[in-house]
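Let me begin by presenting the structure, written as structure tokens, before commenting on it.
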Amino acid sequence: MLEQIIIAGSGGQGIQFCGQLLARAAVRQGLEATYVPSYGAERRGGPSFCSVVAADRSIYASLFKHPDIFLALDQRARNQYASSLLNAGIMLVNTDLAGQPATGEQARVIGLSASRLAEKINFEQPPLNLVMLGAYLGLDRGVSIEAVRAELEARFAGKPDVKQRNLQALDLGWEEGRSQSR
Amino acid sequence: MLEQIIIAGSGGQGIQFCGQLLARAAVRQGLEATYVPSYGAERRGGPSFCSVVAADRSIYASLFKHPDIFLALDQRARNQYASSLLNAGIMLVNTDLAGQPATGEQARVIGLSASRLAEKINFEQPPLNLVMLGAYLGLDRGVSIEAVRAELEARFAGKPDVKQRNLQALDLGWEEGRSQSR
Amino acid sequence: MSAPMFMKGNEAMAEAAIRADCRFYFGYPITPQNEVPAYMSRRMPEAGGTFLQAESELAAINMVFGAAVAGARAMTSSSSPGISLKQEGISYMAACELPGVIANIMRGGPGLGNISPSQSDYFQATRGGGHGDYRLIVLAPHTVTELAELTMDAFDLADYYRNPVMILGDGLLGQMMEKVEFPEPEARRRTGLLRGRPLPPKDWALTGAQGRPPRLIRSLLMQPGVLEQHNFHLAEKYARIERDEPLAEVIGCEDADVVLAGFGTSARVAKQAREMLRARGIKAGLFRPITLWPFPYAQLAAIARTTRRFLVVEMNLGQMIEDVQLAVARERSLKDATIALLPRPGGGVPVPEEIVDKTLEVLR
Amino acid sequence: MSAPMFMKGNEAMAEAAIRADCRFYFGYPITPQNEVPAYMSRRMPEAGGTFLQAESELAAINMVFGAAVAGARAMTSSSSPGISLKQEGISYMAACELPGVIANIMRGGPGLGNISPSQSDYFQATRGGGHGDYRLIVLAPHTVTELAELTMDAFDLADYYRNPVMILGDGLLGQMMEKVEFPEPEARRRTGLLRGRPLPPKDWALTGAQGRPPRLIRSLLMQPGVLEQHNFHLAEKYARIERDEPLAEVIGCEDADVVLAGFGTSARVAKQAREMLRARGIKAGLFRPITLWPFPYAQLAAIARTTRRFLVVEMNLGQMIEDVQLAVARERSLKDATIALLPRPGGGVPVPEEIVDKTLEVLR
Amino acid sequence: MSRQLFARTPGLKDTVTTYCSGCGHGVAHRLLAEAIEESGARERTVAVAPVGCAVYGYDYWNFDTTEAAHGRTPAVAAAIKRVLPDRLVISYQGDGDLASIGLAEIMHAANRGDRITVIFINNTNYGMTGGQMAPTTLAGQVTTTTPLGRDSATTGQPLKVAELLATLPGVKYAARGALHKPGLVRKAKSLIQKALAVQEAGLGFSVVELVSLCPTNWGLTTLQSVELVEKQIVPVFPLGVFKDESGAKAE
Amino acid sequence: MSRQLFARTPGLKDTVTTYCSGCGHGVAHRLLAEAIEESGARERTVAVAPVGCAVYGYDYWNFDTTEAAHGRTPAVAAAIKRVLPDRLVISYQGDGDLASIGLAEIMHAANRGDRITVIFINNTNYGMTGGQMAPTTLAGQVTTTTPLGRDSATTGQPLKVAELLATLPGVKYAARGALHKPGLVRKAKSLIQKALAVQEAGLGFSVVELVSLCPTNWGLTTLQSVELVEKQIVPVFPLGVFKDESGAKAE
Amino acid sequence: MFRVKVDPRRCKSCELCLAVCPKKIMVITHERNEHGFHVAACRDERECTGCLACALVCPDVAIEIFEDKD
Amino acid sequence: MFRVKVDPRRCKSCELCLAVCPKKIMVITHERNEHGFHVAACRDERECTGCLACALVCPDVAIEIFEDKD
Ligand SMILES: Cc1ncc(C[n+]2csc(CCOP(=O)(O)OP(=O)(O)O)c2C)c(N)n1
Ligand SMILES: Cc1ncc(C[n+]2csc(CCOP(=O)(O)OP(=O)(O)O)c2C)c(N)n1
Ligand code: SF4
Ligand code: SF4
Ligand code: SF4
Ligand code: SF4
Ligand code: SF4
Ligand code: SF4
Ligand SMILES: [Mg+2]
Ligand SMILES: [Mg+2]
């Protein structure tokens, strides 16, 4: 197994946290993983993305041309990365913010109303990133939701509210992903 | 003809001026010439020397191991450079300040009481350097006293006193050199 | 070996330095290495050490000079433009034979360039960007764990040879998170680049002339011939390093029709390309120098005995390729070899596919 | 050509710069090039130009940057440690494609070293002491007249290629007085390195956006791929320079059993050694690169077709020797060649006799 | 009939900035551009943009602009001015650029009395690199390199640039303004106008320090940032004119 | 019976200096060495010698001494002090070193309040390189790079270092003395003693500027040099204590 | 009567104009621009005094003010 | 009675001691040292007041002063 993932959206949506969480979970689960942020001159509201690779063997290339999976949190992100997916790839889109097809898209699209789901959980601080991550995990491509849960437990041990909110989002997303992947 | 000359003494004795004068005169006469100062952290009273090459063809090496001629203005200079002369070389020494043989000397020594001669011309500012230069020219090794005179005329056109003093020293030295070289 | 952690390269390097008893860090912010000063500012005080944000890269390297003078293990880090500013100080350190570690987490150049990963300071690192005949030991890790290990080694080699050591990484290695295993420092001293050799006492350090004559650290040597002698002394040391320290990772070169050569991140990507090529039945090898200076010429020359095709992959316009040429030339005329280049300057990072494609082209 | 003068190299360089329409000089004192600022401080005001003693070498190179931005011909000079401090600024100039002339009158290194003549900044000059993939055109005169000529050429080449040009001299060349003939500037533009090519207009200079859109000079290129493109653009320019500009003086290499190779002062001394060897009946040739970058590889390779013994004479620990090896390797394996080195680091200047002796050794 | 009371100055290009929401560079850029445009000098202006967030100044100002190496901004500006003495030359700098790495260059340009105008953006940290300590960082202020707050005992007190430069004879105008209230913005513009006039009159060096907002690295909303400026920053960096020799004759 | 009233301090080695006749570095070296020796700190002292004529300090001082790159002397000293906080650390600098190329480093060390003592030799020029203009060169003074005299309109006024540093809060002691008269020499020693005491008490940064003679580059005899100092230099660089917070408690 | 025109491309929702408006008539709307910011607007131009405060502080020079005379 | 001892190795003939001596008893002698400098000396120690002025200003720390008590 070797899975190359791009997560992209805007600053403030928790893109980097989401990518790190996924990579850490993969490692927890015994896989190899790399996470590469888009670092540097980031601005609130500006574009944000990260690259994650999870594999059951050594990872040599932590950057790649064609992701296997692309999590598009908003339209700008979809427009920018959609065409990097080959037609074997999967694009998981937040239909609330990234509903419009982009030029050059050829991958299979799985859509979910992630913003809406996230706002249901917490309107002030919608855990959009975790909903999307949950949906990805629902596709069952190697990294298990348990590992992510365990990471969240460890990470937010001192903040039960946040933990709860995130776990809930993860589950909601996972349901969506699972149902759609079938 | 290719003549490699070292002039050495102490800061304040006009070593650099003397070397430049010689080299300029050589050029005036149609020869090639190079002059290399001991540059940098010079201090009044500290050691001072320069290397001059005059030749009737292109000069490639402006520094050399074994001078043909060494003008030793004082004892410290004699001690330092005497041994660099091979036995074909000639050392012109100011017997007033550099009278003691140095270890490793093997060259022919021509001595003159240059300080005394210079002080005769001007006790306050004895033109020791020009006396020594004159003596060198008296050895008649390629650069002519006329060329040096012409240089002095040009250089001190506005300062008849200085010019006179220097020309006089040159002549006095030249006599010494000529008589000794025979 | 402690339990694996999941960390950014920059942080792992900082942590490794502290574990290697570095207690003085002087640095100035620059992307993509800002995590180093940030980490140091948190961790150094905990470790009883000193973090000081210098007013500039110039000040930082000269603070490393000062700390080294006083006998401490000290480090600075920066990225390309900042490293250019350190060149005078580095030359002074090498001249005064002061140990110290300098990390260059390279970014796209020249000029302000960008903040993307790059390898375009290879010449500067290996050929003395500063003035005079000096050399840095240059270590080029390709994983976060190796970055941590070589950081530890860097301090040991610096002390062993009384010479500054440079860690040459790039923005990707610095920013990337992956599993990192920190070796136990004592063990690493045996198994790492120091190979268990004892470290000489710092009987030259300035600590106050108590019960001994005053000491003196300088590089100004004005008496005729003395500086030349000092240079020959340095040359002798460098010759020992060239004899004892060259290190490379070599994979599958015995039967290779083509050898991929690269360092750090580009070598890491080339590793994948090599596997893809082998999977296609192409006999590809890999040569990855770990010490960029001393460059493992002999090892590569040995490979050139049986292989005449090389593809050098660099995140620059082609710099290490000169060392590859010099190594190959030991065995064969360059007329009789193909040494191709896959250059990705200005912040580009190659992907395995393009290395594969370029290799196929070379083999055609 | 005007009547010959008898001048120090440093002064002749300064005078040549002024004759080549350089009107802005920014420098900081350092031996052995102090005559340059001293001369400029006298002559520039007479010539209607500006001499400004900068607060440091860093400021000086960035003032040259600024003057170039404004479209002026500008120059700085220094010696080894000061040149190290200019590396960041040089990288910026190359990145922004700004013309300008930098003279390095080298002294003994590393560190503070001494003030004697040296050639130990060859790597720094030719391999980019600064960060990133850039190149300087590097000119290496060996007589005072050639220093004056190449200084004039330096301004022309800088403007022609929009690239900084370095004059690489040493303390001996700078301090030595000899006859110098200044070519008439217009004539030199035809017969010198510019070879009569027309200079492009400076339609990029910042002079105020009067009647045109604002202009912009920068090296920061953050958009993905743009910096890589810029690097490839620079690479293309460098390739043109490598094709059109390499220049060497070659003497008596047709029948040579051994070729002496060196640049600047060491080549000058080697010229005499070559004559002494020929006088002894030894077939010695001389290869003297005038452009150190671009290095005249092809010319040297052509010589290596018929000669397999080389003695590289350098006032350093051996730097240009790598370029000699790279050139020779184009024709023959280094196993099949003898490339010996006569190194004089740290301020030593070879005399002809020792080159002769070493050559005889090589031939044995 | 309609009259435009407030319009975007032609001193700015149409480009939308990439600065963060609430960032003070935007206002400072506008004031500079307005002052230049209104004085009629736009086509005679050459600006130098620093390494820092404002490096992008050249994308926004509608006049000739060059980049400079980090901190060397005044050296570049000084040279441009000496080549083109009749142009208006601006050195726009951040507090990392001017007060840390470039302190020697600014002090020397000021001491030489170089006829340039410096716009100095004091946002108490290194914006572009993610919020490290700057020489202007307040005592106790948390930044990414002062995780426990700036410790004055080991890293010193905030450096007061306008006051410091005012001590040098080459400086003919030195003032500090701020950008977080409409009245202060008006005032800041008049400081800039004065500084430019000092340059145009050939009197010497002029500098306007502007206390500016960096909500992103302060980890605050814009409105919290305004409060921080009022309550904590301005008390340390008082606003005012520290030197005004604009009455003097050109030397 | 014989009593020695004035003896060479053991703080100096026996070596004869290579400084020029009349050079002020000799007196400054002695005063520093005496002050250190007499305070009993010689074996706890680490000094940093500058690039400049005084680079040879290490040949004369009888304590541990290192060289530093030109102008970076305070950065080197600051780091040594942080490694060895209980040692006495000296940064000895010339005016080219401190006030020109190294202005950023000295200002930052001062502003940080680094616990080092700076001995600053103001001889109004670059001695070692043959007498070029320094930031301290007087208006109108002829040097090898100001052949017509320093032109203040283009190169500025002499920089007053002691006063400048005194403005920074990290500086706890700043004074200027001179070396050309016996009384001034005594006074200079007491300034140095005070500065060292400030360091030893852990109070902060201390600096003593010493107006010094450079007869060689001034092209004067020693006695003419003394006159120059009295008539022209001291009026521009007044002697005195500009800051003395030695009463303060260590932070 | 004054008109307060906010350029939706430029507004970054910083709320400075809201804070300084003496009439408190500047609001953040639900309109999102291409950068994801909710754009500010004047909710009631009839109340506007044309004091320019909002325009003066706007970091993005997003506000233009007009006076309409009949 | 005071003794003024000038170390001939060190003296550089700068004449500072001559200038500051209140008794004007310091002189430059004809003795030349190895560096070519004429060495200073006290021409009449009986007049010396032991004020130390000469020693204090001597740049080369060439002067030592003793008090001889009987
Ligand atoms: C030589 C060098 N050192 C460091 C950097 C990294 N760097 C970029 S911007 C910056 C500081 C920015 O801070 P400031 O000047 O305060 O500007 P701001 O972004 O806060 O406006 C630094 C350190 C660099 N580009 N070059
Ligand atoms: C980087 C660098 N630049 C320049 C020099 C040359 N240099 C040596 S000493 C010196 C200045 C000396 O002047 P100052 O600091 O006033 O000391 P002084 O000799 O007058 O005591 C300079 C510029 C150098 N060694 N290194
Ligand atoms: S980081 Fe700070 S200074 Fe930079 S753009 Fe954002 S708010 Fe402005
Ligand atoms: S040049 Fe000046 S400072 Fe240097 S030793 Fe001579 S007198 Fe002293
Ligand atoms: S002009 Fe004044 S009143 Fe009108 S919206 Fe703006 S701030 Fe409010
Ligand atoms: S001040 Fe400007 S950017 Fe901020 S909310 Fe108002 S209109 Fe938008
Ligand atoms: S001690 Fe005083 S009186 Fe005696 S020689 Fe010295 S200066 Fe003169
Ligand atoms: S002061 Fe010292 S060096 Fe000068 S003349 Fe007197 S004894 Fe000699
Ligand atoms: Mg800032
Ligand atoms: Mg000085």
Most contacts with chain D, counted as non-hydrogen pairs under 4.5 angstrom, among [options]:
options                            : value
H230(C), Q87(C), E88(C)            : E88(C)
P81(C), G89(C), A337(C)            : P81(C)
F232(C), Y134(C), Y122(C)          : F232(C)
G82(C), A95(C), A94(C)             : A95(C)
T126(C), L220(C), D121(C), L221(C) : L220(C)

Looking at every non-hydrogen atom in both residues, tell me the closest pair between L58(C) and L58(D) and how far apart they are.
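Answer, listing the atom of L58(C) first, then L58(D): CD1-CD1, 3.3 Å.
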Tested for side-chain contact (heavy atoms from CB on, under 4.5 Å) against H131(D), the lone hit among S79(C), S120(C), S80(C) is S80(C)
Original post:
Considering only heavy atoms, which portion of P343(D) lies under 4.5 Å from any heavy atom of chain C: side chain, backbone, both, or neither?
Top reply: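 The answer is both parts of P343(D).
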Might you work through the side-chain contact (heavy atoms from CB on, under 4.5 Å) test for E331(D) and K335(C), ending with a clear yes or no? CA-CA 7 Å; E331(D) 278 305 320; K335(C) 279 194 302 199; 3.0 Å; yes
Could you walk me through whether N114(D) and L227(C) satisfy the side-chain contact (heavy atoms from CB on, under 4.5 Å) test, starting with their C-alpha distance in whole Å, then the side-chain angles of each, then the deciding distance to 0.1 Å, before giving a yes or no? CA-CA 7 Å; N114(D) 64 18; L227(C) 183 61; 3.3 Å; yes
[X] versus chain D, heavy atoms under 4.5 Å apart: side chain, backbone, both or neither?
X       : answer
R218(C) : neither
R127(C) : both
L234(C) : side chain

Q: Spell out, as yes or no, whether a donor-acceptor pair under 3.5 Å connects the side chain of S91(D) to the backbone of G111(C).
A: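 It does hold such a pair.
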Flag the pair N231(D) / P110(C) as yes when at least one side-chain heavy-atom distance between them is below 4.5 Å, and no otherwise.
yes
Point-to-point distance, once rounded to the nearest 0.5 Å, from [atom1] of [X] to [atom2] of [Y]:
X       : Y       : atom1 : atom2 : result
R330(D) : Q325(C) : CZ    : CD    : 8.0 Å
S118(C) : D133(D) : OG    : CG    : 6.5 Å
E228(D) : S116(C) : CD    : OG    : 9.5 Å
L85(D)  : L85(C)  : CG    : CG    : 8.5 Å

Is there any residue in residues 312-320 of chain C with a non-hydrogen atom under 4.5 Å from a non-hydrogen atom of chain D, and which ones are they?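 Interface residues of residues 312-320 of chain C: N316(C), L317(C), G318(C), Q319(C).
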Handout entry: Selection from G347(D), G108(D), A235(D), G130(D) maximising heavy-atom pairs under 4.5 Å formed with chain C
Key =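 Going by pairs under 4.5 Å, I would pick G130(D).
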- Message: Heavy-atom pairs under 4.5 Å with chain C - which of G348(D), G109(D), G129(D), P345(D) has more of them than the others?
- Response: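 Most heavy-atom pairs under 4.5 Å with chain C: P345(D).
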